[in-house]
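See structure below.
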There are 2 protein chains.
Amino acid sequence: MGFFESYLPAFVIRLTMPDISAKAIKVPSSAIRRLSPYSDRAEREGIKVYHLNIGSPDIDSPETVKQAVRNFDFKHLEYSNSAGIYELREAMLEKYYKRLGMDLTIDDILITTAGSEALAFTVETVCNPGDEIIVIEPFYTNYYSIACQYGVDVIAVPTVIENDFRLPGIDAFEAVVTPRTKAMLICNPANPAGTLYSKEDILQMGDFCKRHDLFLISDEVYREFCYTEDPYYSVMNIPGLEENTILVDSVSKRYNLCGARIGAIATKNKAVIDAITKFAQARLCPPVLGQIATIGALEAPVSYFESVRREYIKRRDFAISTLNSIPGVYSPMTYGAFYTIASLPVEDAEDFAKWMLTDFRINGETVMITPAASFYRTEGVGANQVRIAYVLEVPELKKAFHILEEGLKAYNSR
Amino acid sequence: MGFFESYLPAFVIRLTMPDISAKAIKVPSSAIRRLSPYSDRAEREGIKVYHLNIGSPDIDSPETVKQAVRNFDFKHLEYSNSAGIYELREAMLEKYYKRLGMDLTIDDILITTAGSEALAFTVETVCNPGDEIIVIEPFYTNYYSIACQYGVDVIAVPTVIENDFRLPGIDAFEAVVTPRTKAMLICNPANPAGTLYSKEDILQMGDFCKRHDLFLISDEVYREFCYTEDPYYSVMNIPGLEENTILVDSVSKRYNLCGARIGAIATKNKAVIDAITKFAQARLCPPVLGQIATIGALEAPVSYFESVRREYIKRRDFAISTLNSIPGVYSPMTYGAFYTIASLPVEDAEDFAKWMLTDFRINGETVMITPAASFYRTEGVGANQVRIAYVLEVPELKKAFHILEEGLKAYNSR
């Protein structure tokens with residue numbers, strides 16, 4: 001209380017209101033969702049908006065999901081085990097992790113309320129407030145939002161569009177390590193740049209983490225969306241790094257079950273999984289209907305992924321070549337996930353994205369894209385870039401990119 | 001690093017493993033779930049366990065829940081709005097909050113992943129690390145677990161079984177306020193003691209919070225389980241306290257939908273709801289299938305609650321009178337929720353609860369109860385107390401209490 005306030009009569013103090021926390025002010029609003037009011041308004045006016053802004057694909061979930069939900073017989077919905085329904089943990093282990101050559105048991109796996117909670121649990125388990133996590137820039141914005149909530153700093157190792165987001169040498173990682181660094185967090189394949197790390201990349205990162213006694217957290221929610229012929233190599237496959245590696249997983253993208261909110265954490269580090277179990281108990285259990293849907297999803301045949309993958313390769317090929325054919329646009333080749341970063345011939349991509357929603361239509365249609373600046377921590381980088389999710393069928397993408405091209409012309413000749 | 005470590009060669013350092021965070025060590029394991037391995041083992045051996053340990057009642061959810069889930073037609077499960085499905089927020093507003101006389105609009109309401117997330121969002125929004133929240137002891141253990149995760153301290157104002165958990169005068173609250181106190185958190189009606197606060201109690205707490213510029217957070221997840229004839233009076237009904245009050249809500253108990261994981265936050269404080277919206281965006285959305293089930297639940301007729309309430313009054317009357325008829329047991333009258341705290345003629349209720357699961361059976365049956373010590377912060381209090389959830393039908397409760405009575409005799413004459 002300042003000098004003057006301490007002399008104010010009691011009734012004035014009663015008119016004040018309590019403050020919110022520092023992090024409640026610091027945590028950013030979602031870049032991906034910030035433009036939503038403008039697209040909502042356009043849609044209410046009857047405008048068709050092509051949503052290239054969000055990773056919510058148009059592909060059907062496996063038929064087995066709907067069967068599982070419809071056949072689920074319940075009189076009331078009880079809590080499940082805090083670590084998730086046993087049958088689901090078992091199916092994740094047998095149908096995924098073992099096939100990927102991960103040496104895990106059921107006790108190493110905990111079902112979470114989607115990848116978001118898996119990340120939050122992991123961050124609060126490995127970091128004290130003031131600690132640092134290394135990420136590769138551009139990175140999924142919510143890594144920063146979640147770290148903020150636990151007072152943790154995110155330190156970016158830059159990769160740049162001019163160099164097709166190629167991973168720098170390990171000395172770039174060495175350069176940012178401090179005594180407060182506790183972990184490195186990667187997304188493989190990566191949202192938003194579509195990067196896929198090779199076995200050699202992963203082994204180098206593992207060696208770096210081992211050397212500095214860091215946790216290596218790998219967000220593998222796009223693992224089924226890899227477009228090279230190389231077998232997927234996970235941090236969980238690195239020999240001798242079992243105490244350092246933590247897998248963050250989710251079925252949201254894999255089965256197009258974003259709304260189910262089911263993910264998982266897996267680690268051989270017993271202290272980590274024991275601590276996460278305590279955090280999991282404090283929130284009682286993950287959503288039971290989503291778990292039931294996921295048990296159904298795990299019954300899907302392998303052919304489900306094969307056709308989804310073929311479809312995405314087609315979309316990726318079309319998206320990258322078409323984007324690069326637009327004057328002034330550059331988008332590097334991607335090898336995984338279903339996003340690409342493109343640089344546009346504009347100064348302020350957020351202003352352009354907003355303008356597309358408010359001012360530009362072709363035959364009553366427009367396009368929504370995500371400004372990419374918030375995927376960077378390095379000041380000033382990414383202002384002319386957008387993230388594009390190629391989550392629509394090719395004929396739809398074609399119409400959307402045509403609108404984008406015409407929009408760019410119109411915007412630049414205003 | 002100590003003197004000796006600094007002289008160790010590099011390869012020894014490479015054999016260490018990274019540490020987990022201080023709070024990952026500090027956060028307690030769930031008292032309610034700690035005994036589960038023993039009950040699991042008993043059940044695997046074919047023993048029937050009467051679960052008086054957890055608030056997961058045997059009452060059916062409304063029929064409209066099952067209809068909503070079965071009729072929900074989806075090709076894939078998309079994200080909902082971060083604040084929840086609009087129709088659900090609207091139904092919560094119209095069917096609850098307005099009827100309870102709360103002056104709210106849709107923008108004041110955000111759907112959460114159950115009451116647990118509503119609490120977590122609220123704590124991180126109103127408190128900085130090191131801040132304090134006042135609670136009334138005994139209190140729901142997870143208040144402490146959640147506070148721990150954000151570096152927040154929980155300060156208990158004691159109420160005691162010897163005085164039937166009656167609220168102390170406001171001077172007991174004044175006595176614990178410090179410059180770090182940011183909020184008071186109540187549960188009304190209260191888990192675990194079954195206390196129901198009167199309008200006068202609530203107005204006094206409101207006045208206290210106003211005077212000290214504190215948030216007043218009210219966990220009202222048991223609101224439909226009140227056993228007096230007085231109309232329910234919420235902190236949200238206090239005139240002039242709109243900027244201080246935050247409602248934490250859940251449909252888990254109300255409709256017996258614990259596994260749906262759907263709750264809500266409501267507040268007129270715009271800074272608070274705006275901050276919570278940012279946290280909500282970072283976890284994308286609440287579970288969609290649970291939201292669909294809840295939209296169904298909200299179609300249930302008022303008669304659903306009337307019959308549930310009548311049933312619980314019957315169970316409560318039976319539970320309290322039977323418990324008090326057991327030699328050495330005392331359990332005060334309760335007026336809400338479906339728990340009661342009972343003191344037992346034992347020194348260590350956790351040891352007794354465990355012994356019941358491992359060593360005591362009548363005709364192949366035993367009883368599981370929750371040791372109450374973890375509901376207290378005051379050292380040494382509650383060691384001889386248990387929490388009993390009267391969530392079974394009277395004939396089942398009768399058998400369970402008989403086993404409890406015989407178990408106490410046998411335990412004390414070992």
Side-chain angles (χ1 to χ4, degrees), chain A residues 13-14 16-18 20-24 27 29-30 33 56 59-61 69-70 75-80 82 113 116-117 124-129 142 145-146 149 151 182 210-211 213-215 243-244 256-261 271-272 275 278-279 281-285 287-290 293, chain B residues 14 16-18 20-24 27 29-30 33 56 59-61 69-70 75-80 82 113 116-117 124-129 142 145-146 149 151 182 210-211 213-215 243-244 256-261 269 271-272 275 278-279 281-285 287-290 293:
Chain A
I13 292 171
R14 291 171 62 115
T16 62
M17 67 173 90
I20 62 172
S21 67
K23 73 182 149 206
V27 79
S29 69
S30 161
R33 295 181 172 226
S56 186
I59 307 251
D60 287 358
S61 299
V69 172
R70 290 214 183 102
K75 289 193 185 303
H76 52 263
L77 276 182
E78 288 179 57
Y79 296 114
S80 76
S82 295
T113 307
S116 316
E117 187 184 68
E124 65 175 329
T125 298
V126 307
C127 290
N128 285 309
N142 282 330
S145 304
I146 289 170
Q149 295 183 50
K182 275 307 296 285
K210 187 88 181 172
R211 213 165 340 109
D213 217 14
L214 307 180
F215 286 103
E243 297 292 342
N244 299 60
N256 213 356
L257 287 177
C258 299
R261 312 312 293 134
V272 169
K278 294 191 292 177
F279 293 135
Q281 286 174 344
R283 61 74 164 119
L284 306 177
C285 75
V288 168
L289 291 171
Chain B
R14 291 170 61 115
T16 62
M17 66 173 91
I20 62 173
S21 67
K23 73 181 150 208
V27 80
S29 69
S30 162
R33 295 180 173 229
S56 186
I59 307 253
D60 287 358
S61 299
V69 172
R70 290 212 184 102
K75 288 194 187 303
H76 51 263
L77 275 182
E78 287 180 59
Y79 295 115
S80 77
S82 295
T113 307
S116 316
E117 188 184 68
E124 67 175 328
T125 298
V126 308
C127 290
N128 285 310
N142 283 330
S145 304
I146 290 170
Q149 295 183 50
K182 276 306 295 287
K210 188 87 181 173
R211 212 160 346 105
D213 218 13
L214 307 180
F215 286 103
E243 297 292 341
N244 300 59
N256 213 357
L257 287 176
C258 299
R261 312 312 293 138
N269 184 312
V272 169
K278 294 191 292 178
F279 294 134
Q281 286 174 344
R283 61 76 163 119
L284 307 175
C285 75
V288 168
L289 290 172

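Every chain is numbered from 1, with letters handed out A, B, ... down the list of sequences.
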Sequence-distant partners of B:Asn269, side chain to side chain contact (heavy atoms under 4.5 Å, CB included), two or more places apart: A:Met17, B:Phe215, B:Glu243, B:Thr267, B:Ala271, B:Val272

B:Ser21 side-chain N/O to A:Val126 backbone N/O, donor-acceptor pair under 3.5 Å: no

Any A:Arg70 side-chain heavy atom under 4.5 Å of B:Arg70 side chain: no

Partners meeting side-chain hydrogen bond (donor to acceptor under 3.5 Å, both in side chains) with B:Ser116 (sequence neighbours left out): B:Arg261

For the student: nearest non-hydrogen atoms of A:Lys278 and B:Ser29, plus distance: CD-N, 3.7 Å

Toward chain A, the part of B:Leu214 with a non-hydrogen atom under 4.5 Å: backbone

Top contributor to chain B interface from A:Cys258, A:Gly151, A:Ala275, A:Cys127 [non-hydrogen pairs under 4.5 Å]: A:Cys258

Rounded distance (nearest 0.5 Å) linking atom CD of A:Glu124 with atom CD1 of B:Ile20: 11.0 Å

CD1 on B:Ile146 to CZ on A:Arg283, rounded to 0.5 Å: 11.0 Å

Proximal component of A:Cys285, with respect to chain B [non-hydrogen, under 4.5 Å]: both

Heavy-atom donor-acceptor pair, B:Lys75 side chain to A:Asp60 backbone, under 3.5 Å: no

Donor-acceptor contact below 3.5 Å, side chain A:Lys23 vs main chain B:Thr125: no

Donor-acceptor contact below 3.5 Å, side chain B:Asn128 vs main chain A:Ala22: yes

Closest non-hydrogen atom pair between A:Ala260 and B:Pro287, with its separation: O-CB, 4.3 Å

Closest approach of B:Pro18 to A:Asn244 (non-hydrogen atoms, all atoms of both residues): CD-ND2, 3.6 Å

Among B:Ile59, B:Thr113, B:Leu284, B:Leu77, residue most engaged with chain A (heavy-atom pairs, under 4.5 Å): B:Leu77

A:Glu78 side, atom CD; B:Asn256 side, atom CG - distance, nearest 0.5 Å: 7.5 Å

For chain B, the option from A:Gln149, A:Glu117, A:Gln281 that forms the most heavy-atom pairs under 4.5 Å: A:Gln149

Side-chain touch B:Val69/A:Leu289, heavy atoms, less than 4.5 angstrom: yes

Under 3.5 Å donor-acceptor, A:His76 side chain and B:Leu257 backbone: no

